[in-house]
Structure formats: structure tokens, C-alpha cells
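Report on one structure; see the data block that follows.
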Amino acid sequence: MDNLEEKDCLYILKNDYLGHLSYIYQNRPFVVPITYFYDAERHVIICYSAEGHKMNAMRKNNQVALNVVDVDGLTKWKSVMIHGKFEQLFGSDAKSYLHVFSLGIKELVAEKELKELSFISEFSSKVINENLPMIFIINIDEVSGKMRRN
């Protein structure tokens, strides 16, 4: 197993949109799958969520991690780990980040899966109607990665 350089970690983050978010709630670790977008310009991870356990937990302890894995086979994979701080966004900031998220995800999915997304219009209508999902970012403190290639 080899370490990935930071530029390789950021490339993986930028070119994927599914990861596993980990957080602590009542002194226990939780890991959940999540759709994310890496905003390279701001060097943050953008996510959205409904109200619930995950959001409550991250408000109480804002230290979180995100793991993204690029697997080509049993012995050929890359894994990136982000450590950072949860920050919930509101108002015009939330709208702005949601816009960046939706455009970025639409482009990535169209490129990777060769299909258009119908749910992007749902995001657009939420922005217009101000019925926003909760938008949060992960302010990145540390990026590291590993790879195996056999």
C-alpha cells in the first residue's frame, strides 16, 4: 500500500460524488453514505441533508470525516480521507452553495454515468421556492490517501 500525494487525493475528490460521512453521536461513531461535491475554488466539501440524527449530531460535535473510495478491483483501489469541521449554511449562502453543488453533481453524473439527472430540477425548484434542504459544508483541515495497485 502506498500513500497518495495531496494533488492525487484532490483529483479523486473532484471527480467523484459519493462518499461515507462519519461523525460522533453520544460517544459512538456513525458512518453514512452521502452525495457530496468538492468545491475546489473554496476547498470545501458541499453536502445537503434533511433534518434528523446526522444534523443534530454534527451540530453538537462538528468534527467529521469523509471517506471516498475509487475501486477498480480487489487489489487496485484508491482511498481518500478528509478530516474537517461541519458548518451548516443558511439563507443566501445556502442557496449559493446549493447552486454550486447541483451544477457540479449534474456535470459529474453526466460525465461518469452518461445520463442526465432529473433530480437537478428539484434542486432548482427548491432554490426558487426557498424550500431548501439543509446545506452544510465540511471545512477541510486535512486530506490524506492510500492506494493499492497490483
Side-chain angles (χ1 to χ4, degrees), residues 4-72 77-147:
L4 288 172
E5 292 184 28
E6 184 171 348
K7 67 178 176 65
D8 297 320
C9 293
L10 297 178
Y11 177 85
I12 291 167
L13 282 177
K14 186 176 178 181
N15 289 286
D16 210 329
Y17 51 89
L18 297 172
H20 288 91
L21 177 69
S22 57
Y23 55 92
I24 301 295
Y25 182 68
Q26 295 183 343
N27 295 320
R28 295 179 64 181
F30 286 82
V31 178
V32 295
I34 195 158
T35 303
Y36 76 90
F37 179 72
Y38 171 60
D39 182 343
E41 189 176 308
R42 296 177 180 127
H43 191 57
V44 297
I45 301 293
I46 306 171
C47 304
Y48 73 96
S49 179
E51 184 62 61
H53 175 264
K54 171 177 61 217
M55 292 298 291
N56 289 332
M58 293 188 298
R59 286 182 195 119
K60 290 179 180 162
N61 183 343
N62 71 346
Q63 297 293 317
V64 298
L66 177 75
N67 177 245
V68 177
V69 182
D70 181 10
V71 179
D72 289 327
W77 53 263
K78 296 174 184 169
S79 175
V80 175
M81 179 67 71
I82 296 293
H83 286 97
K85 292 179 185 70
F86 159 87
E87 178 185 345
Q88 186 174 350
L89 302 176
F90 300 93
S92 59
D93 285 342
K95 283 185 186 180
S96 172
Y97 277 84
L98 180 60
H99 183 71
V100 170
F101 173 91
S102 61
L103 291 178
I105 293 295
K106 183 177 182 178
E107 186 177 310
L108 280 170
V109 170
E111 185 180 303
K112 286 185 95 165
E113 299 183 20
L114 303 175
K115 65 181 177 184
E116 289 294 317
L117 289 179
S118 60
F119 80 82
I120 292 302
S121 61
E122 293 175 31
F123 281 122
S124 299
S125 68
K126 286 178 183 177
V127 171
I128 292 165
N129 296 326
E130 302 209 18
N131 186 15
L132 291 174
M134 282 179 256
I135 308 302
F136 66 93
I137 58 174
I138 300 171
N139 292 297
I140 298 171
D141 292 331
E142 183 183 356
V143 179
S144 61
K146 299 279 186 189
M147 69 180 287

Next item on the list: Measure the CD1-CD1 distance between I137 and I45 for me, rounded to the nearest 0.5 Å.
Entry: 10.0 Å

Margin query: Using the rule side chain to side chain donor-acceptor pair (under 3.5 Å), only one of E87, H43, K85 pairs with N139; which is it?
Written below: E87

Check: Has E107 got more than 12 heavy atoms of other residues, nucleotides or ligands less than 6.0 Å from its CD?
Finding: no

Note to self: Here's a test for you: under ring-ring contact (aromatic ring centres under 6.0 Å, His included), which of F101, F136, Y97 qualifies with Y48?
What the structure shows: F101

Note to self: Run the side chain to side chain contact (heavy atoms under 4.5 Å, CB included) test on V31 and L21 for me, step by step, so that the C-alpha distance in whole Å, both residues' side-chain angles and the decisive distance to 0.1 Å come before the verdict.
What the structure shows: CA-CA 5 Å; V31 178; L21 177 69; over 6 Å; no

Next item on the list: Please lay out, stage by stage, how L108 and F37 fare under the test side chain to side chain contact (heavy atoms under 4.5 Å, CB included).
Entry: CA-CA 9 Å; L108 280 170; F37 179 72; 4.1 Å; yes

Margin query: How long is the straight-line distance from CZ of F30 back to CD1 of I24, given to the nearest 0.5 Å?
Written below: 9.0 Å

Checklist line | Shortest non-hydrogen separation from I135 to A94 and the atoms involved | finding: CG1-O, 3.8 Å

Note to self: Is the shortest side-chain heavy-atom distance between Y38 and V68 below 4.5 Å?
What the structure shows: no

Notebook entry, point to check: Counting N and O atoms only, with roles assigned by atom type, does the side chain of S102 sit under 3.5 Å from a partner on the main chain of L98, one being a donor and the other an acceptor?
Noted result: yes

Note to self: Applying the side-chain contact (heavy atoms from CB on, under 4.5 Å) criterion to V44, which one of D39, V100, I138 satisfies it?
What the structure shows: D39

Check: Please walk me through it: do K78 and K146 pass side chain to side chain contact (heavy atoms under 4.5 Å, CB included)?
Finding: CA-CA 6 Å; K78 296 174 184 169; K146 299 279 186 189; over 6 Å; no

Next item on the list: To the nearest 0.5 Å, tell me how far C47 SG sits from M55 CE.
Entry: 9.5 Å

Item checked: Heavy-atom closest pair, residues G84 and D141 -> CA-OD2, 3.6 Å

Notebook entry, point to check: Do the side chain of N56 and the main chain of G52 share a donor and acceptor less than 3.5 angstrom apart?
Noted result: yes

Note to self: Taking atom NZ as the centre, does K54 end up with more than 12 heavy-atom neighbours from other residues, nucleotides or ligands that are less than 6.0 angstrom away?
What the structure shows: yes

Next item on the list: Measure the OG-CD1 distance between S22 and I82 for me, rounded to the nearest 0.5 Å.
Entry: 11.0 Å

Checklist line | Least distance between heavy atoms, M134 atom then A50 atom | finding: CE-C, 3.4 Å

Margin query: Ignoring hydrogens, what is the shortest heavy-atom contact between C9 and G145? Give both atom names and the distance.
Written below: SG-N, 3.5 Å

Next item on the list: Give the ring-plane orientation class for H53 versus Y25, where under 30° counts as parallel, over 60° as perpendicular and anything between as tilted.
Entry: perpendicular

Next item on the list: For residues F86 and Y23, establish whether the separation of their ring centroids is below 6.0 Å.
Entry: no

Item checked: Nearest heavy atoms of S79 and N67, plus distance in Å -> OG-ND2, 3.0 Å

Notebook entry, point to check: Got a second to check how far I46's CD1 is from I105's CD1, nearest 0.5 Å?
Noted result: 9.0 Å

Checklist line | Straight-line distance of I34 CD1 to S49 OG, nearest 0.5 Å | finding: 6.5 Å

Item checked: Heavy-atom closest pair, residues H83 and A65 -> CD2-CB, 4.0 Å

Item checked: Contact list for residues 4-17, test side chain to side chain donor-acceptor pair (under 3.5 Å), sequence neighbours left out -> Y17-E113

